[in-house]
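Below: the structure, in structure tokens.
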Amino acid sequence: MMRKIYKYTASVRLTIFLFFTLAATSVFGTLVTQGLPGEHYEKIYGPGMVSFLDFFEITDMYHSWWFMLLLFLLAVNITACTIRTLPGTLRGMSRKNRDLEETVTRLWPIQYVCESAYPVETMEQKLTLLAGRLTGKPTIIREGEERRIYSEGGAYSRLGAPVVHISILLVLAGGLIGSIMGFSGRMTIIEGEMSSIALLFPGDKEEKLPFSVKCDGFAVQFYDNGMPKEYRSDITIIDEGEPVASESIRVNDPFTYRGFKLCQASYGIAEASDFKISVTEEKSATTSICTLNLMKKVPLPGSDKSFAVARFVPDLQGLGPAVMAVILAPGAPHDIFWIPSGLHQAQGTKRQGYTFKIEGFTARYYTGLQVGKDPGVPLVWAGFVLILGGFAMILFKSHRRLWMKITPVSEGSRVEVAAKTDRKDGSSFEKSITQKFNKLCKYD
Amino acid sequence: MIEMNDTFLVSISTFFYFFGALVFFAAFVFQKRSMQNAAILFVVGGFSIETAAIIIRWAFSYQMGFGHAPLSNLYESLVFFSWSVVVILFATWKRHRNDIIGTLASFFAFILLAYASLSGNVTTQIQPLIPALQSNWLISHVVSSFLAYACFAISFITSILYLIRVRAGRRIERILPDYDVFDDLGYRITSIGFVLLSLGIITGAVWADTAWGRYWGWDPKETWSLITWMIYGAYIHARLARGWKGTSMALISIIGFIAVIFTYLGVNYILSGLHSYM
């Protein structure tokens, strides 16, 4: 029974099963948005479905117990497979230069026989050189007149697969360490202010960093066509009351302090003031620019009405920053409307015979920094490098073995060649062997 | 006069690939070597023009003051995808001068380019790089990913051909080569694609660590690339360790390619995530 379990644990059948199961279940997590607050799911899926989602933890699926279990099984499977196969591979590699039974070499896929006018000794010299060039350092066995030359090369390419497998274990281990000992959260800091609090993902637990981050300023630059060019936060790290570092953080250009990596993640407008709004009276086509602050009404030019800015939103349904404006007229209800300021609002907002356009405002930004610490990263990086190294060993090298027997014949020598390579495509090895021997041997 | 720019060159190479596919098909039906040579000439022509277009576009972006490799939006990725498919077709051509693979591969390159040029929701403009894409990892990540996709596309083609050959059996014995050819070629190309996909995922993870502060975050694009990786991982293990051949391998390859397409386009059109710019 235990044997059976071990056999299955160390089987590639289990690997294939786990690959397919992980692939199939991973799909769900991409269909159901992950990590939203609970009430969102209730709204989208209804209460019945939500209890189902909750039971299988599909709303945070990749950290659920059963997904972790699958990953754990994969790690166990890889470990067991490596334990099963690696000793044999290593043994095969250490038994390098030896005399092989002809019954073994007869079975190798590449076979070649020819006769040559060269005597055995000359042939032995030539073939020793050739074996060295085609594979590796040869072993020569002399038995009476007979010579056997065995050589192999690229044996270490057989370690490629175990290297890849062990590196995947390293990556999984690094991921585990990161999820236990690491943390990832978000800091929101208004320009000129300071914070040491990060909100953790997922959920919104607070974590206090051992230092503070002050946002000296935030700037966003745009290209001529309006696409964003750069988001930059100028920050100062304050450790034990002392400013210790001042840095600019941009997207793709993070800053690491005491193992905490700070990345530019988002930004927004914390508050706005001094709205410059151009007001064009359509009849007379006269434009005047009014400077407003929240809830301070100003007279509307050329009328007895006045207007005011009641509210500012940093983003109105994707249209960009907008203000909610109010026109106040004696004896009439307040007329409330939005003036968006985005790029697509060049023509302005028309209302009561006027066109309103936001020309500018003074904004105070906040920056959203992603802050994280992941002690597992070095392990993951090592795993990545080794995975690629293992692949390179498999792709660019192949284990090649060459066995040759020289026997004397009446006018020279007879050569029997057997060769084998683990490259599925042995044809290039075979071709070079055939070419070399055709040159050496003459049939005339 | 028509302006000579990169998108115009791309439309010319679209036609070359189309005629390449057509002549390949004729060569396949009539079993004529001369037609095969003409077809490959068309594809080589289209490929040269497309390469020129990519280089010109690259140079243009520098003239516009924000130079970057043309791998930054849907249009550019479609062009590079078709270019990669033709590269892989050439790579197989050395060993397998197969007209029907040539037909389908150049037709696929044609479809990609036609979609890039004609679809209304693909902008052909050269755009500057948004902050998230301003990284040295852009080229290695995109090139390895799309070469991998191209390998899987060719493997998809050989798998379909394998299934047709097996189903139709004797009736098309004369025109389609032995099915082992498709099975074998599909496996080789998939192995190369698997290594390239691994490279694409790894470069992506390292990039994500500097851009988003974590190397893996189960973003839909990341997850789907891993789904694809696991399907082809199963494919390779099924062959190497369990000796699977034929129909089951062809089916995995087809499922794998559906995952590839979903990783490439579906994630952007259907799901939302950090990769939504492309």
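Owing to the predicted nature of the structure, the values given are computational and were not obtained by experimental measurement. Note that these values count all heavy atoms, side chains included, but never hydrogens, waters or copies made by symmetry. Quick note on labels: first sequence line is chain A, next is B, and so on, each numbered from 1.
Interface residue B:W229: only side-chain heavy atoms are found under 4.5 Å from chain A. Interface remark: B:A205 contributes backbone and side-chain atoms alike to the contact with chain A (heavy atom separation under 4.5 Å). Only the backbone of A:E230 comes within less than 4.5 Å of a heavy atom of chain B; no side-chain atom from C-beta onward does. For a residue to count as touching a neighbouring chain, one of its non-hydrogen atoms must lie under 4.5 Å from one of that chain's; by this rule A:Q221 does not touch chain B. Residue A:R13 touches chain B through both its backbone and its side chain, counting heavy-atom pairs closer than 4.5 Å. Neither the backbone nor the side chain of A:I249 has a heavy atom closer than 4.5 Å to any heavy atom of chain B. The contact between A:V27 and chain B is made by backbone and side chain atoms together, counting heavy-atom distances below 4.5 Å. Neither the backbone nor the side chain of B:I201 has a heavy atom closer than 4.5 Å to any heavy atom of chain A. For a residue to count as touching a neighbouring chain, one of its non-hydrogen atoms must lie under 4.5 Å from one of that chain's; by this rule B:N136 does not touch chain A.
A distance of 9.0 Å separates CG of A:L388 from OG1 of B:T203, quoted to the nearest 0.5 Å. Distance OG1/A:T25 to CD1/B:I227: 8.0 Å, rounded to 0.5 Å. Atom CG in A:L22 sits 12.0 Å away from atom OG1 in B:T223 (nearest 0.5 Å). Note that the CD atom of B:Q127 and the CG atom of A:N225 stand 7.0 Å from one another [nearest 0.5 Å].
Contact record, B:P131 with A:P228: CD-O, 3.3 Å, taken as the closest heavy-atom pair. The nearest pair of heavy atoms linking B:A234 to A:F19 is N-CD1, 3.4 Å. The two atoms that bring B:A238 and A:I16 nearest to each other are CA-CD1, 3.5 Å, heavy atoms only. Taking every heavy atom of both residues into account, B:A211 and A:C263 meet most closely at O-CB, 4.1 Å.
Comparing B:I252, B:D209, B:V206, B:L199 by how many heavy-atom pairs each has under 4.5 Å with chain A, the most go to B:D209. Put simply, of A:F17, A:F391, A:W381, A:Y62, the one with the most heavy-atom pairs under 4.5 Å next to chain B is A:Y62.
Side-chain contact check for B:I192 versus A:L395: some heavy-atom pair is nearer than 4.5 Å. Side-chain contact between B:W137 and A:N252 is absent, with no heavy-atom pair separated by less than 4.5 Å. When side chains are defined from C-beta on, A:S26 counts as touching B:M230, because their heavy atoms get closer than 4.5 Å. A:D253 is not listed as a side-chain neighbour of B:Q134, based on a closest heavy-atom distance of 4.5 Å or more.
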Practice task
Just do the side chain to side chain contact (heavy atoms under 4.5 Å, CB included) check on B:Y215 and A:D374 with the steps written out, would you?
Solution key: CA-CA 10 Å; B:Y215 57 86; A:D374 189 344; 3.4 Å; yes
Exercise for the section: Quick one: do A:F67 and B:W218 satisfy ring-ring contact (aromatic ring centres under 6.0 Å, His included)? Show the steps, please. Expected result: CA-CA 13 Å; A:F67 197 78; B:W218 297 106; 5.4 Å; yes
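Heavy atoms of other residues, nucleotides or ligands lying less than 6.0 angstrom from CZ of B:F90 number more than 12. Counting heavy atoms of neighbouring residues, nucleotides and ligands inside a 6.0 Å radius, atom CE of A:M68 exceeds 12 of them. Counting heavy atoms of neighbouring residues, nucleotides and ligands inside a 6.0 Å radius, atom CZ of A:F28 does not exceed 12 of them.
In this pair, A:Y223 and B:F66 present their aromatic rings perpendicular. The plane angle is above 60°, beyond the 30 to 60° band.
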